[in-house]
Amino acid sequence: MIDIHLPDNSVRSYEEGTTALDVARDISEGLARNVLAARINGEVWDATRPINTDADLQLLTWNDDDGKAAMWHSSAHLMAEAIEKLYPGVKFGIGPDIEQGFYYDVDFMDYEISEKDLGKIEKKMQELAREKQSYERNDVSKKDAISYFEEKGDEYKLELINELEDGSITFYKSGSFTDLCRGPHIPSTGFIKAIKLTKVAGAYWRGDEKRKQLTRIYGITFPKKKELDEYLVLLEEAKKRDHRILGKELDLFTFSHKVGQGLPLWLPKGAELRERLESYLKEVQRKAGYEPVISPHIGNVKLYKTSGHYDKYGAESFRPITTPVEGEEFFLKPMNCPHHCEIFNSKPHSYKELPIRYAEFGTVYRYEQSGELHGLTRVRGFTQDDAHIFCTPEQIKDEFNGVIDIIQQIFAALDFKEVIIQISLRDPDNHEKYIGSIENWDKSEKAIIEVAEERGLNAVIEYGEAAFYGPKMDFMVKDAIGRKWQLGTIQVDYNLPERFDLTYNGADNEKHRPVMIHRAPFGSMERFVAVLIEHCGGNFPLWLIPEQAIILPISEKYNEYGKKILILLQELGIRAAIDTRSEKTGRKIRDAEIKKIPYMFIVGEQEENDNNLSVRKHGEGDLGKYSVEEISKIINSEVEVMMNLK
RNA sequence: GCCGGGGUAGCUCAGGGGUAGAGCGCUUCCUUGGUAAGGAAGAGGUCACGAGUUCAAUUCUCGUCCUCGGCUCCA
């Protein structure tokens with residue numbers, strides 16, 4: 001007999017060879033019907049795999065990430081089976097579960113596959129799912145594994161098997177499909193009730209662009225039809241928030257093939273919005289002791305040879321600009337930090353001056369592969385909200401605190417409620433690959449961890465993720481529909497101070513090496529604005545939105561009164577416009593609602609007589625009558641609270 | 001850069017070897033209105049660009065540019 005320990009601390013005894021599914025049935029039939037997999041002594045297993053020793057057991061359902069993973073991985077097998085039935089002779093690469101579903105990389109040989117074929121595969125999958133095929137796990141020897149796939153002629157699987165240890169190889173068989181697979185899988189395909197194949201894409205075998213490109217098919221499955229429907233609604237919602245579409249609709253930015261791909265053009269409304277963001281951050285930074293600096297858009301190749309960027313990225317950069325007579329080479333600047341190092345170096349510094357904080361909205365240019373460009377989130381020219389802090393190792397902690405204050409303030413002002421932080425530290429097993437002294441690394445890593453703990457930040461520590469030049473802290477936000485976006489970063493740098501030979505005079509009158517901290521709360525203005533658009537779906541916070549209010553005269557008779565109000569509003573600092581078209585009020589309201597203008601001021605005979613206006617709020621409706629002064633005060637104080645500038 | 005979709009009016013898109021269509025928007029006129037679409041008329045296109053095939057190309061072929069979904073890459 002073996003003892004099975006359950007999460008509620010109860011212990012049950014079973015015959016050897018019992019399964020997680022047996023245990024579940026023992027608890028309740030209902031539970032058993034929902035069990036997708038099980039965690040046995042910390043390892044995820046098939047719910048149908050025999051347990052032969054005492055064990056801790058946790059049953060996994062659709063509510064557990066590992067349960068979902070088992071479901072999606074099993075779905076990948078189901079898709080492979082369907083594909084094999086429809087397209088005999090195809091070969092399979094890998095088919096894992098991913099964050100949202102699964103994919104399988106397939107070598108379709110001579111078959112041509114496009115999105116039009118997905119429906120057919122989906123249908124076949126549904127058919128096979130209804131057969132409630134079980135997933136059978138089998139240990140196989142390396143020899144047998146090889147001969148199976150040799151016979152099948154699948155060189156991809158053979159390549160994978162060759163890298164595996166004999167004795168650790170398992171096959172899974174479901175229906176007519178047998179795959180090399182570690183598992184775990186769900187008990188049967190019957191759990192897969194709703195199937196959606198989402199896209200087809202090319203993917204290199206093993207991610208290597210020199211190797212054959214396979215066809216990758218993405219899909220997602222659910223245990224209930226309703227959940228698929230909800231997922232599809234979410235996709236629709238994401239589509240509606242696409243910053244490329246909203247950017248066009250709201251006249252924020254555009255691209256021109258004559259200007260060049262990946263080079264955004266900011267339209268007046270977008271530029272105003274961005275300027276407002278920038279001046280806000282400038283004000284916050286000024287208060288936090290930053291000093292502005294400005295550097296040119298190009299720099300001599302020597303600068304980047306000194307910084308090390310030339311060796312690392314020179315070949316993948318835009319080609320250098322050459323002076324006509326001397327033949328000197330200049331690069332478009334890919335980073336602001338080398339310039340800022342030279343600004344620091346322009347005169348000697350005393351320890352009494354530190355920390356020095358140079359801030360610049362610096363536009364940088366990087367050659368990105370053409371296929372990688374995407375709206376404003378991935379471009380070839382962008383503006384970093386950059387700053388470099390030069391300080392002593394002892395000051396790192398305070399400086400991190402200061403930067404986090406700034407980041408939290410601006411994220412709050414923009415209504416990002418959830419911020420996730422990643423702290424990237426050295427690989428503890430490999431200290432050699434990092435530049436800088438061990439003591440300094442220890443000091444800075446300790447400082448970062450302490451800051452996170454003291455502030456109670458929602459942070460995860462990743463070992464081995466640090467850059468070779470220093471540890472870092474990255475900020476991610478969750479948007480209104482739950483998607484995560486990587487934004488700002490704070491990075492310690494021991495490398496550039498070394499390369500640029502930055503020094504300050506210490507109290508001992510000796511030269512010392514400062515530490516440099518790179519930080520960008522937004523990351524890039526382009527990417528940030530894109531994220532903001534998608535987060536708020538174009539309904540920008542009142543302090544940022546290009547048009548805060550629009551005056552809607554009931555008829556042309558009240559246009560004069562409306563214009564008078566407009567001037568008053570503008571004098572009181574409200575960004576307003578007026579709709580003087582000869583349209584009905586309902587129409588003007590509808591148009592203003594679609595344009596997502598926060599406040600609508602309706603003026604007609606009553607308002608003109610009482611010298612006030614009727615206020616309608618976007619998405620809410622009629623708020624009643626206010627005087628111009630009253631409503632301006634309301635709007636301005638709403639703005640002030642959001643900006644939180646003391 | 002690679003694989004696969006695309007590029008037709010300001011926007012969203014239909015069409016197809018005989019030089020072009022819808023809806024919305026825009027302009028003008030009628031209408032003068034009270035909280036999400038009043039009516040009519042009109043303007044607007046080198047069908048991305050370049051070459052080829054053809055009596056004839058926006059349509060077919062090739063190339064280039066741009067764009068979308070992925071892959072790869074990302075200081």
Side-chain angles (χ1 to χ4, degrees), chain A residues 93 103 105 108 112-117 198-218 242 244-245 248-249 251 254-263 304 307-314 316-317 331 333-338 364-375 377-380 382 384 386 467-469 486 489 491 493 495-496 518 520 524 527 552-559 581-595 600-607 614-625:
Chain A
Y103 67 79
D105 284 345
F108 273 97
E112 297 249 340
I113 295 295
S114 77
E115 306 224 338
K116 294 176 196 85
D117 302 298
T198 47
K199 49 204 164 202
V200 183
Y204 301 111
W205 171 233
R206 316 210 85 176
D208 183 346
E209 59 186 295
K210 289 180 193 69
R211 308 199 62 181
K212 185 160 182 185
Q213 190 152 31
L214 307 179
T215 303
R216 175 171 298 179
I217 300 182
Y218 286 90
D242 190 320
R244 292 165 302 181
I245 293 166
K248 199 179 262 181
E249 275 175 14
D251 292 322
T254 188
F255 289 89
S256 148
H257 64 267
K258 278 202 185 113
V259 173
Q261 60 177 162
L263 300 171
Y304 305 111
S307 72
H309 293 114
Y310 180 83
D311 282 345
K312 203 156 183 223
Y313 298 103
E316 294 138 48
S317 293
F331 275 90
K333 87 172 158 187
M335 305 213 63
N336 301 300
C337 35
V364 297
Y365 300 90
R366 297 178 184 176
Y367 174 78
E368 304 287 358
Q369 294 189 74
S370 61
E372 192 50 44
L373 301 170
H374 181 91
T377 59
R378 202 67 200 279
V379 288
R380 283 178 172 169
F382 57 97
Q384 295 178 314
D386 214 357
F468 75 94
Y469 51 79
Q486 165 78 52
T489 180
Q491 304 191 1
D493 187 345
N495 181 42
L496 287 183
H518 308 251
S524 98
R527 181 176 165 81
L552 310 179
I554 294 285
S555 84
E556 283 171 1
K557 282 191 241 163
Y558 311 104
N559 280 354
R581 294 176 304 167
S582 86
E583 290 291 347
K584 288 183 161 182
T585 311
R587 177 52 183 268
K588 291 185 181 181
I589 288 172
R590 181 184 148 82
D591 289 347
E593 288 281 350
I594 288 169
K595 278 158 78 185
M600 282 154 267
F601 300 146
I602 293 150
V603 294
E605 191 179 358
Q606 301 158 26
E607 288 78 6
S614 287
V615 177
R616 178 188 164 102
K617 203 167 178 182
H618 171 73
E620 288 180 32
D622 196 358
L623 297 187
K625 292 198 167 69

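Predicted model, so just to flag it, every value in this text is computed and none were measured. Any value given below was found using the heavy atoms of this structure, including those in side chains, with hydrogens, waters and symmetry copies removed. Naming convention: chains lettered A, B, ... in sequence-line order (proteins, then strands); numbering from 1 in each chain.
- In terms of the side chain to side chain donor-acceptor pair (under 3.5 Å) criterion, A/Tyr313 has no residue partners (sequence neighbours excluded).
- Here the side chain of A/Tyr313 is nearest to one of B/C74, B/U35, B/G33, namely B/C74.
- The side chain to side chain donor-acceptor pair (under 3.5 Å) test applied to A/Lys333 returns A/Ser295, A/Asn336, not counting sequence neighbours.
- Residue-level contact check: A/Lys248 touches the backbone only, with heavy atoms under 4.0 Å from sugar-phosphate atoms and none from bases.
- Contact of the A/Leu373 side chain with the A/Arg380 side chain is registered, since non-hydrogen atoms from C-beta on lie closer than 4.5 Å.
- For A/His374 and B/C74, the NE2 to C1' distance is 15 Å, given to the nearest whole Å.
- Nucleic acid contact class of A/Gly604 (heavy atoms, under 4.0 Å, all strands): base.
- The nearest heavy atom of RNA chain B to A/Gln384 and to A/Gly619 marks one nucleotide each, and the one closer to the 5' end goes with A/Gly619.
- The ring-ring contact (aromatic ring centres under 6.0 Å, His included) check on A/Tyr103 picks up A/Tyr218, with sequence neighbours excluded.
- With hydrogens and angles disregarded, a donor-acceptor distance shorter than 3.5 Å links the side chain of A/Arg366 to the backbone of A/Pro334.
- Side-chain N/O atoms of A/Gln369 include none lying less than 4.0 angstrom from OP1 or OP2 on B/C73.
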Look for any protein N or O under 3.5 Å of an N or O in nucleotides 39-43 of chain B and output each such pair with its distance, or none.
none

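- Here A/Arg590 does not reach the OP1 or OP2 of B/U35: none of its side-chain N or O atoms lies under 4.0 Å away.
- Residues A/Phe601 and A/Leu552 are not in side-chain contact: their nearest non-hydrogen atoms beyond the backbone lie 4.5 Å or more apart.
- Across the C1' atoms, B/A14 and B/U35 are found 36 Å apart, a figure rounded to whole Å.
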So what's the dot-bracket for RNA chain B: Watson-Crick or G-U pairs under 3.5 Å, [ ] if a pair crosses, | if it pairs off-strand?
(((((((..((((....[..)))).(((((.......))))).....(((((..]....))))))))))))....
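- Nearest to the side chain of A/Tyr218, among B/A75, B/G34, B/C71, sits B/C71.
- In the interface, the side chain of A/Glu607 is paired with the base of B/G34 through a donor and an acceptor atom under 3.5 Å apart.
- One interatomic measurement links the two molecules: CD1 of A/Ile217 to C1' of B/C3, which rounds to 13 Å at whole-angstrom precision.
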Steps toward salt bridge (charged side-chain N to carboxylate O under 4.0 Å, His left out) verdict (A/Arg616, A/Glu593):
CA-CA 10 Å; A/Arg616 178 188 164 102; A/Glu593 288 281 350; 2.9 Å; yes
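- Shortest non-hydrogen contact noted between A/Gly604 and A/Ile554 is CA-CG1, 3.6 Å.
- Among the nucleotides B/C71, B/A75, B/C73, the one closest to any side-chain atom of A/Ala203 is B/C71.
- For A/Pro334, taking side-chain heavy atoms from C-beta onward, the closest of the listed nucleotides B/A75, B/U35, B/G69 is B/A75.
- The residue A/Arg616 sits close to a base: some heavy atom pair falls under 4.0 Å.
- Out of B/A36, B/U32, B/C3, the shortest distance to the side chain of A/Gln213 is found at B/C3.
- A salt bridge is absent between A/Asp591 and A/Lys595; no separation between the charged side-chain nitrogens and carboxylate oxygens falls under 4.0 Å.
- Residue A/Glu605 is the one, among A/Arg366 and A/Glu605, whose nearest nucleotide of RNA chain B lies closer to the 5' end (criterion: closest heavy atom).
- Taking atom CZ of residue A/Arg380 and atom P of nucleotide B/C74, one finds them 16 Å apart after rounding to whole Å.
- Residue-to-nucleotide contacts include a donor-acceptor pair under 3.5 Å from the side chain of A/Tyr204 to the base of B/G1.
- Smallest separation of non-hydrogen atoms from A/Pro553 and A/Lys588: O-NZ, 3.0 Å.
- Taking atom P on both B/U27 and B/C60, the two are 37 Å apart, rounded to the nearest angstrom.
- Close to B/U32, at under 4.0 Å from its OP1 or OP2, lies no side-chain N or O of A/Lys557.
- Picking from B/U32, B/G70, B/C73 the nucleotide with the shortest atom distance to the side chain of A/Arg378 gives B/C73.
- Within the 4.0 angstrom heavy-atom criterion, base atoms lie near A/Gln606.
- A/Ser614 comes within 4.0 angstrom of a base, heavy atoms only.
- Listed by chain and number, the residues in a side chain to side chain donor-acceptor pair (under 3.5 Å) with A/Glu607 are A/Ser614 (sequence neighbours excluded).
- Look at CD1 on A/Ile594: it is 12 Å from P on B/A36, rounded to the nearest Å.
- Every residue was checked against the side chain to side chain donor-acceptor pair (under 3.5 Å) condition with A/Arg590, not counting sequence neighbours, and none meets it.
- In this structure, NZ of A/Lys584 is placed 10 Å from C1' of B/U32, rounded to the nearest angstrom.
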Sub-3.5 Å pairs of nitrogen or oxygen atoms, protein against nucleotides 44-51 of chain B:
none

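- Under the rule for a ring-ring contact (aromatic ring centres under 6.0 Å, His included), A/Tyr558 has no partner lying at least two apart in sequence or in another chain.
- Here B/U12 presents its C1' atom at 10 Å from CD1 of A/Ile245, a figure rounded to the nearest Å.
- Look at CG on A/Asn559: it is 13 Å from P on B/G33, rounded to the nearest Å.
- For B/G17 and B/A51, the P atoms lie 23 Å apart once the distance is rounded to whole Å.
- B/A9 and B/A48 have their P atoms separated by 8 Å, given to the nearest Å.
- Here A/Thr585 lies in heavy-atom contact (under 4.0 Å) with sugar-phosphate atoms only.
- By the salt bridge (Lys or Arg N to Asp or Glu O under 4.0 Å) test, A/Arg378 is found to be paired with A/Glu368, A/Glu372, residues two or more places apart in sequence or in another chain being considered.
- Contact annotation: the side chain of A/Phe382 approaches that of A/Val364 to within less than 4.5 Å [non-hydrogen atoms, C-beta and beyond].
- When the P atom of B/G34 is taken as reference, atom CG of A/Leu552 falls 14 Å away, rounded to whole Å.
- Nucleotides B/G23 and B/A57 are separated by 30 Å at their P atoms, to the nearest Å.
- Partners of A/Asp622 by side chain to side chain contact (heavy atoms under 4.5 Å, CB included), not counting sequence neighbours: none found.
- At the heavy-atom level, A/Gly207 lies under 4.0 Å from the strands shown only through sugar-phosphate atoms.
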Could you go through nucleotides 23-30 of chain B and list every protein N or O atom that sits under 3.5 Å from one of its N or O atoms, giving the distance for each pair?
unit_1, atom_1, unit_2, atom_2, d
B/G25, OP1, A/Arg587, NH2, 2.1

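- Side-chain contact check for A/Glu316 versus A/Gln369: every heavy-atom pair is 4.5 Å or farther apart.
- Contact annotation: A/Gln261 reaches the phosphate of B/U67 (side-chain N/O to OP1 or OP2, under 4.0 Å).
- B/C49 sits 15 Å from B/C66 when the P atoms are compared, rounded to a whole Å.
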